[in-house]
Every structure is written in structure tokens, then in C-alpha cells.
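Only one structure is covered here, and it is reproduced in the block below.
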Amino acid sequence: MNNTKNPYFPDEIWEILETHNMTEDNTKKLREYFMNPSYYDTNRRTIIFSTPSRTGTSAFRIELPLYAIALHYPEKFNLIYADNNLGPKHIQAADLIVAHRAGHLHDQLYNIVKVWPKTSKRQVVIHDVDDSEFNLPLSHPMRTIWIAAEKDKMSIRSLKESDLVTTTGFKLQQTFRNFNPNVYVFRNMFDWEQPQWKIERTWPAKKDKLVIGWVGLTSHFEDIKKMAPILKYIHDKYSNTEFILAGMALKDTEVTITVDANGNKKFDEKEVIDITKTYRYRVSELFKEFDKNRIQILDAVSLEKYGEFYSKIDIGLSYVEHNVFNACKSEIKSVEYMKYGAVSIYSKYGGYKDMYDALPTDLKEKTHLLAIDTENPTVWKSVLETVVINYDTHREIADEMKKYVEEKYDINKHIDERVSFYNDVIEKNVDKEVNKISKILVS
């Protein structure tokens, strides 16, 4: 039964949206509901949000925008979530398909769209992507299987054959325009009303201790390797410091690729049994000389709980190697530190440089020391040491950055721009002018 206050959604779904109570169970309920929503109006335009699998990136690029549109514009569109089940029925219903990331699923989408009857309604396809998927570095843990599955080629196809591309930063925009002229930037944003971003905390997180932290996933091993000696320098010199490394893989797998006589590839995935080959072990080895009472290496948690890591950190590091792939990374890690009032030290590179460049002049002047444009470990040691010594001063500035990101990166305060964009794309396509849409750049 639909809500009398909101006739578009059942009571339970509307309550989750309205209260932003995105627990693991509740986000599952939302995903399941939007896969087959009970309310569908043939007089409204239909948007399909598609992802090959649920990941951290799809949560930012697919789920958060979908839920924000549903909350703030419940009457505007028919909204459907396709999680690895995009099919002809979706394509037939769609006015707009937002296809996040390349892969076999979306490769089939382009096959179908290519032969779609000219007498039928023409869908607009937006390829949404947050990485340079055709250019994974040699150190990336997914590179071998990615290329073997030819997903690098699928990525280029998605860029070329989509009507438009949406992405996270200016470097990606510049890169993708080599394949498609219609590339638009929508930065990753947050729903700050979710429980994971409203945890009470104190500064410093532990009495008489400063907690220096890093949060990330398995694609950042080379970053961690280069950070280790920087952190060891601080560890040895300042006994009032503790350390957190969060996001270790819960399960490590390895894939064996075989090719049959016909050239067909088979991917056999198995869990890694040898503990010395696991990601956690390799990271632990980098920090084995640290005082065990002063360092925590924490496992990954569900997407709905990641904010808890940041609430434990006083000084947060966003160190990235300077390479083509990382130049395309977004700045979410640094923003997450800032949301919890931590002093955020980051590489002024890629999306992090975008963030720095967009700062108001006063904040740029106050935080310029923390935006480091080199990989030089001596510089990083010096900046981190300066913050440790002058923590209270930097903490006051961190409060200003907290207020800034709460405004700048709140999807609830910026969803109007995305709704206008989607609406313009759909309406201009109806007039057969999809390639004439005006440039809309959300920065």
C-alpha cells in the first residue's frame, strides 16, 4: 500500500528515503524495490540505472543519485535499478539508460541498441565511468583478468558508442573526449544524513594520542608501500602517534585463465589459501617493525559502514602514486576525512587537484601546505611532522574544511543539477537533437 503523504512509494520505502536510514538491510530493501517498483506511470519518462555488480563505485554513481532523485523528485521519473540484470524489457521501457562501467552486460546493451528498430522509441545511453578502465597500470590487481576478458576494449567501445559520458573529474573528461565529444563531469557526492556520517567523535580520537590513518581498497597497494617509510619515520620520532590502515580484503582470490581449442576463455576463481599471498599479509609485512600496540590493520566492512573508519582518525592521508591511472582518481577519500574533522593531507594530483583548485581563496591559503604535489618522501615526512607538532592549529582549519565539504559534496543539495541534466538529455533526444545539448558541467 502506498503512502498517503507520498503516493509513489510504499510506506517502508518512503520512510527509508525520508530518514536516510541507509543500513545494510535498508539499502538492500531499496535495491530490491527499485528493481521492480510497484509504481510506474506511462506518462512519465523512465530512467534505468544499470551496473554489472554492486561496488563502492556503483554506490556513488548509481544508487545515491537514484535515491536522491526518488526523495526530492518522487513525481518526476520512473526509476528502475538494474543490478546485473539489464535486459530487453529494460531497454524497451527506457528513455534514458545510465550504464555504470564497462563489461559484458553493457557490451550486450550496445549490441541491442545498434539493431533497435528505427520505428521504435530511441533510448539515450549514458556511459558513466569513474576510472580509466582501458588503461589499468601494471600494478593493478585486476589488470590481467581485465585484459584477458577484453574489458579494456569494452571500455573503449562504451565510450565511443554511448550518446554521452558522465565521469568524476577533469582529467577523465579530457581523456574520454578522445573517444566521445559529449563528456560531462558530475563529482562523487555523499548523503551526509546517512548514519555512517553522523557518528559522534572527539579530537583527538584517543586521549594524549594522535591517530594517523589511511582508508582504501586493494588497488592501492603501491600507494601503501610508498607511505610505509613515511609513517615509520613519524612512528619512531613521535611516541604520541598511533596508526590505522583500514580496508583489508575479507577474502583474497586468484583466477586461473584457460583457453580451449576454439579460443574460448574460461576463468576459474579460487580463494587464496596461502596466508603469505593475501593482501592483509603483504600490508602487514610493510609495517611489521611498528609497535603492535600502536597500529591497527582493519578489515573492509560493508559500504554502509565505511564512514566509521574515518570517525577514528585525527590525521588522514590520501597518498597516490603519480601515474596515468591515478590522475583519473576522484577525491572522495580526502573528503571523507574532512567530513569527520580530520586534518586531511593529500596528493595534489588528479581529482585531489580538482578539489584543491575549486577551494575558496581563504581555504586554499590556509590548507596549501596539506596539498602535496610531489611523491618525494622527504616532503611528505616534513608536512606530516608539521601537522603532528601543530595539530591544534590545523584542527581549527579542519573544522572550516568540514563545513565546506558538507555543503560542496552533499548530493541532497545538488541533485537539482543532475535532474535538470537528465531531463534535458531526454527531452532533446525526443526532438532528435541529442548531440546538440548544451554543455552542463557540475564541478
Side-chain angles (χ1 to χ4, degrees), residues 1-41 44 46-49 51 54-83 98 100 186-202 215 300-312 332 335-342 402-420 422 442:
M1 183 173 180
N2 283 351
N3 194 315
T4 54
K5 289 170 56 180
N6 186 302
Y8 307 106
F9 304 113
D11 290 337
E12 183 179 33
I13 296 302
W14 181 248
E15 182 180 355
I16 295 171
L17 292 171
E18 195 173 35
T19 61
H20 306 264
N21 189 20
M22 302 297 182
T23 63
E24 193 169 355
D25 287 342
N26 283 346
T27 54
K28 182 180 179 181
K29 289 175 183 176
L30 290 179
R31 291 194 301 277
E32 290 176 347
Y33 173 78
F34 282 105
M35 283 183 189
N36 187 26
S38 59
Y39 185 87
Y40 188 92
D41 186 342
R44 299 196 298 182
T46 299
I47 303 178
I48 310 291
F49 293 89
T51 179
R54 188 180 190 238
T55 62
T57 65
S58 69
F60 276 106
R61 306 302 296 176
I62 293 294
E63 291 184 51
L64 278 180
L66 190 162
Y67 302 150
I69 294 171
L71 173 63
H72 297 284
Y73 291 88
E75 78 294 339
K76 185 71 176 176
F77 303 110
N78 298 313
L79 302 169
I80 298 175
Y81 175 68
D83 181 0
V98 182
H100 175 61
F186 283 87
R187 308 206 80 81
N188 283 330
M189 293 196 176
F190 298 81
D191 181 358
W192 296 131
E193 296 300 314
Q194 291 182 4
Q196 65 173 318
W197 301 115
K198 303 186 79 172
I199 298 171
E200 293 290 333
R201 67 154 298 173
T202 59
V215 182
V301 294
S302 68
L303 296 174
E304 294 82 7
K305 293 182 177 180
Y306 246 79
E308 295 180 12
F309 289 141
Y310 297 93
S311 71
K312 303 175 187 293
I332 55 174
V335 173
E336 289 167 326
Y337 293 133
M338 292 173 184
K339 167 58 182 170
Y340 269 114
K402 180 177 188 293
K403 293 175 183 176
Y404 173 77
V405 299
E406 285 176 340
E407 178 67 32
K408 182 75 172 181
Y409 289 89
D410 187 340
I411 196 167
N412 297 295
K413 295 178 179 177
H414 297 278
I415 196 61
D416 295 2
E417 295 145 356
R418 187 160 328 214
V419 168
S420 295
Y422 288 160
V442 180

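Keep in mind that this is a model prediction, so the values were computed, not measured.
- In this structure, NZ on K408 lies 8.0 Å from CZ on R187, to the nearest 0.5 angstrom.
- Interatomic distance, NE2 of H72 versus CD1 of I411, reported as 8.5 Å (0.5 Å rounding).
- Between the side chain of N21 and the backbone N or O of I16 there is no donor-acceptor pair closer than 3.5 Å.
- Two residues are said to be in side-chain contact when any heavy atoms from C-beta on lie closer than 4.5 Å; V98 and I48 fail this criterion.
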request  = Dump the intermediate steps for side-chain contact (heavy atoms from CB on, under 4.5 Å) on I47 and L66, then the final yes or no.
outcome  = CA-CA 9 Å; I47 303 178; L66 190 162; over 6 Å; no

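- In this structure, I69 and L79 have side chains that are in contact, with non-hydrogen atoms separated by less than 4.5 Å.
- Taking all atoms of both residues into account, the shortest heavy-atom contact from L303 to T55 is CD1-O, 3.6 Å.
- Not one N or O on the side chain of N188 forms a donor-acceptor pair closer than 3.5 Å with the backbone of F60.
- Contact detail for F186 and R61: the closest heavy-atom pair is O-NH1, 2.7 Å.
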key: Criterion side-chain contact (heavy atoms from CB on, under 4.5 Å) on D41 and N78, from CA distance to verdict   = CA-CA 7 Å; D41 186 342; N78 298 313; 4.1 Å; yes

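- Using a 4.5 Å heavy-atom cutoff, the side chains of Y39 and R44 are in contact.
- Counting heavy atoms from C-beta on, the side chains of M22 and Y67 come closer than 4.5 Å.
- Counting heavy atoms from C-beta on, the side chains of H20 and N412 come closer than 4.5 Å.
- Taking both residues in full, the closest heavy atoms of M189 and L64 are given as O-CD1, 3.4 Å, listed atom of the first, atom of the second, then distance.
- Here the side chain of H100 pairs no donor or acceptor atom with the backbone of F49 at under 3.5 angstrom.
- Not one N or O on the side chain of Y306 forms a donor-acceptor pair closer than 3.5 Å with the backbone of A300.
- Taken from CZ in R31 to CD in E63, the straight-line distance is 5.0 Å, to the nearest 0.5 Å.
- Side-chain contact between Y404 and M338 is absent, with no heavy-atom pair separated by less than 4.5 Å.
- Between K28 atom NZ and L30 atom CG the span is 12.5 Å, to the nearest 0.5 Å.
- Under a 3.5 Å cut-off, the side chain of R54 and the backbone N or O of D83 do not form any donor-acceptor pair.
- Contact of the S38 side chain with the Y33 side chain is registered, since non-hydrogen atoms from C-beta on lie closer than 4.5 Å.
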task = Decide yes or no on side-chain contact (heavy atoms from CB on, under 4.5 Å) for V405 and F190, but give the supporting numbers first.
result = CA-CA 10 Å; V405 299; F190 298 81; over 6 Å; no

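- Taking each heavy atom of R201 and Y310 in turn, the nearest pair found is NH1-O, 3.9 Å.
- Atom-to-atom distance recorded for S58:OG and Y81:OH is 5.0 Å, nearest 0.5 angstrom.
- Ring-plane geometry between F9 and F34 is classed as perpendicular, the angle between the planes exceeding 60 degrees on a 0 to 90 degree scale with a lower cut at 30.
- Residues L71 and W14 approach most closely at O-CH2, 3.6 Å, considering heavy atoms.
- Across Y337 and V215, no two heavy atoms sit closer than the pair OH-N, 3.2 Å.
- Side-chain contact between E406 and K339: present, with at least one pair of heavy atoms (C-beta onward) separated by less than 4.5 Å.
- Judged by the 6.0 Å distance and 45° axis criteria, K198 is not positioned over the aromatic ring of W192.
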ask   = What do the steps show when you test E304 against T27 for side-chain hydrogen bond (donor to acceptor under 3.5 Å, both in side chains), and what is the final call?
value = CA-CA 8 Å; E304 294 82 7; T27 54; 2.6 Å; yes

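- Separation of atoms CD1 (I415) and CZ (R418) is listed at 6.0 Å; rounding is to 0.5 Å.
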